[in-house]
Number of protein chains: 2
Amino acid sequence: MAAAQAEAEAGTPRQRYRAQVQQEIKKHAWEQIAAEGASALSLNAIAKRMGMSGPALYRYFASRDDLITELIRDAYQSLSDAVRGAASSGADIRGLAAALRSWALEDPQRYLLVYGTPVPGYHAPEDTTRHASEVMAALLDASGAEGLGAMPPSPLQEHLADHRAWAGEHPADSAALHRALVFWTRLHGVLSLELSGHFGGMGFDPAQLYEAEVEAVVGR
Amino acid sequence: MAAAQAEAEAGTPRQRYRAQVQQEIKKHAWEQIAAEGASALSLNAIAKRMGMSGPALYRYFASRDDLITELIRDAYQSLSDAVRGAASSGADIRGLAAALRSWALEDPQRYLLVYGTPVPGYHAPEDTTRHASEVMAALLDASGAEGLGAMPPSPLQEHLADHRAWAGEHPADSAALHRALVFWTRLHGVLSLELSGHFGGMGFDPAQLYEAEVEAVVGR
DNA sequence: CCCCGTAGTTAGACCCTATCACCAATGCGA
DNA sequence: TCGCATTGGTGATAGGGTCTAACTACGGGG
């Protein structure tokens, strides 16, 4: 609570007001993104909805890209919270998968902001990669758990044993590294195609495909 | 060749000129997309590079969205050609995977134009879904081939047996349907994350992960 | 109480898409 | 070969976007 106070109420009244307006801008930005996609986000439109003139927003965000970067940062933070929250409340790998899916469906455009098509040349700020690492760490924890079907040794696992920089200090064997990567890429494969509407009209239920992929990762 | 003539040289000189200019516009559009991404595509910039004024392009494409739709159409066509070409020259499921990957790496933005983040509310024209079906059909052919590791029966396969509208008239059993879906989603999972740069800095080789996923689909 | 920093304004430069009216050239039928 | 409708290209313009610059109004700390 002290932390919440420090974020929400600390400082001078001016700073509190500033933080409040920034939050409101972001709120409208998310609504607009959910409705029209990130590429259609317009500072002018946000300003009008807030009852002020366009250039006023530049007191709060240096540029449109700055605002979007901030939103991406928040999205990463939210994702990290969701999966680490699930992990810390005892969820196994299936639970993490469920948490990931419900986080994605809760706001598809938010998921696509993180994992969708990037602008060539865009470089994510430092702390987003930190959040990505946190998610990875939770995945690696779950991937190393006992009771999972054994992944047969493969050339990839030998490769991963030699290229595990991304795992940091995490004490996971190459089978766990492999499982974490497979968890990520397979679930992203189903989720992103579903959220992008590529399953639309095919007639089957994406949730069941997702479940099947989760079971395949677990090892049956 | 008769078909090529019909496309490239048929009709009056006016029609030939028109088709030629349209092709040149598309060429510049692809260059711009490859460099800056589809969201940064500008008709004005294309016109300037071609040495003419902005509004002139509207003689050839009714709107920016129209041009992009046409590019998506061409991308689908190109993808369909690539995988059906591989299939018709005797490639097995591994060959299809290799063809898909090399098609994707050849022009990442082209892949992302097809499978990347869509604009909410955008509806693909009819013939793109036709190309998607052709790709699916090639996949289903390969997925039904003998010599593949058996996919154990699962709840998903029962579901797919009842929801196979997307397979059309194709005589594939539910195991083949399952394998085709898994082929698509898993390889897309690796490819899209790779092309979006999410593996950047992780240190491992995406190609080896891709290969491992292909082997997993084949059934080892 | 004054004063300075901050929030907000309008004006404007420079992009973009898109439409319009007008001009020029081209190639077809008579 | 000539006339002329069709077609391609132009500048002007409307309207929206980002973003900068100059100016005004307010409110809290000295």
Side-chain angles (χ1 to χ4, degrees), chain A residues 9-72 109 113 119-122, chain B residues 8-33 35-72 109 113 119-122:
Chain A
E9 300 182 15
T12 71
R14 276 228 158 108
Q15 287 174 321
R16 297 200 312 161
Y17 178 75
R18 184 179 177 77
Q20 185 181 324
V21 174
Q22 268 178 339
Q23 282 310 116
E24 193 179 344
I25 293 173
K26 286 198 213 167
K27 196 192 77 187
H28 284 96
W30 279 119
E31 290 170 2
Q32 207 171 314
I33 286 178
E36 302 282 346
S39 61
L41 191 154
S42 154
L43 294 189
N44 256 327
I46 293 175
K48 268 176 196 159
R49 272 194 223 175
M50 291 180 65
M52 52 186 192
S53 261
L57 293 200
Y58 288 81
R59 297 278 176 197
Y60 300 95
F61 295 95
S63 70
R64 190 187 112 109
D65 276 10
D66 249 48
L67 173 56
I68 291 184
T69 295
E70 187 71 20
L71 297 176
I72 293 177
Q109 290 293 324
L113 200 57
V119 173
Y122 178 81
Chain B
E9 300 184 15
T12 68
R14 275 225 156 113
Q15 287 174 322
R16 297 200 313 162
Y17 176 74
R18 184 176 179 78
Q20 183 181 326
V21 173
Q22 269 179 339
Q23 282 310 117
E24 192 179 347
I25 293 172
K26 286 200 215 167
K27 195 191 77 188
H28 284 96
W30 279 120
E31 288 170 4
Q32 207 171 315
I33 285 178
E36 301 282 345
S39 61
L41 191 154
S42 153
L43 294 189
N44 257 327
I46 293 174
K48 267 176 196 159
R49 271 193 223 176
M50 291 179 65
M52 54 186 188
S53 260
L57 293 200
Y58 287 81
R59 297 281 177 195
Y60 300 95
F61 295 95
S63 71
R64 182 182 178 265
D65 276 10
D66 249 50
L67 172 57
I68 291 184
T69 295
E70 187 73 20
L71 296 177
I72 292 178
Q109 290 293 325
L113 198 59
V119 173
Y122 178 83

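Per chain, numbering begins at 1; letters A, B, ... match sequence-line order. Both backbone and side-chain heavy atoms feed into the values below; hydrogens, waters and symmetry mates do not. Nothing here was measured: the structure is a model prediction, and the numbers come from that model.
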Do [X] and [Y] touch side chain to side chain, with heavy atoms closer than 4.5 Å?
{"X": "Arg49(A)", "Y": "Gln32(A)", "value": "yes"}
{"X": "Leu41(B)", "Y": "Ile46(B)", "value": "yes"}
{"X": "Tyr60(A)", "Y": "Lys26(A)", "value": "no"}

Rounded off to whole Å, could you give me the [atom1]-to-[atom2] distance for the [X] and [N] pair?
{"X": "Ile68(A)", "N": "dT18(D)", "atom1": "CD1", "atom2": "C1'", "value": "12 Å"}
{"X": "Glu36(B)", "N": "dC15(C)", "atom1": "CD", "atom2": "C1'", "value": "14 Å"}
{"X": "Gln32(B)", "N": "dC16(C)", "atom1": "CD", "atom2": "C1'", "value": "12 Å"}
{"X": "Leu41(A)", "N": "dC19(D)", "atom1": "CG", "atom2": "P", "value": "11 Å"}
{"X": "Ile46(B)", "N": "dA18(C)", "atom1": "CD1", "atom2": "C1'", "value": "15 Å"}
{"X": "Arg14(B)", "N": "dA24(C)", "atom1": "CZ", "atom2": "C1'", "value": "11 Å"}
{"X": "Gln15(A)", "N": "dT6(C)", "atom1": "CD", "atom2": "C1'", "value": "12 Å"}
{"X": "Tyr17(A)", "N": "dA25(D)", "atom1": "OH", "atom2": "P", "value": "17 Å"}

Practice problem: Could you tell me whether the side chain of Gln15(A) and the main chain of Thr12(A) form a donor-acceptor pair under 3.5 Å? | Solution: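 Flag set: sc Gln15(A) to bb Thr12(A) pair under 3.5 Å.
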
Practice problem: State whether the side chain of Arg59(B) and the backbone N or O of Arg18(B) hold a donor-acceptor pair below 3.5 Å, judged by distance alone. | Solution: no

Quiz prompt | Closest contact, heavy atoms only, Ala29(B) versus Leu67(B) | solution =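 Heavy atoms of Ala29(B) and Leu67(B) come nearest at CB-CD2, 4.3 Å.
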
Self-check item: Strand-adjacent residues in residues 51-65 of chain A, judged by heavy atoms under 4.0 Å from DNA chain C
Solution: Met52(A), Ser53(A), Pro55(A), Ala56(A), Arg59(A), Tyr60(A)

Quiz item: Arg18(A) side chain N/O closer than 4.0 Å to the phosphate oxygens (OP1, OP2) of dA7(C)?
Solution: yes

Practice problem: Kindly point out which of dT6(C), dG27(C), dT18(D) is positioned nearest to the side chain of Asn44(A)? | Solution: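 Comparing dT6(C), dG27(C), dT18(D) against the side chain of Asn44(A), the answer is dT18(D).
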
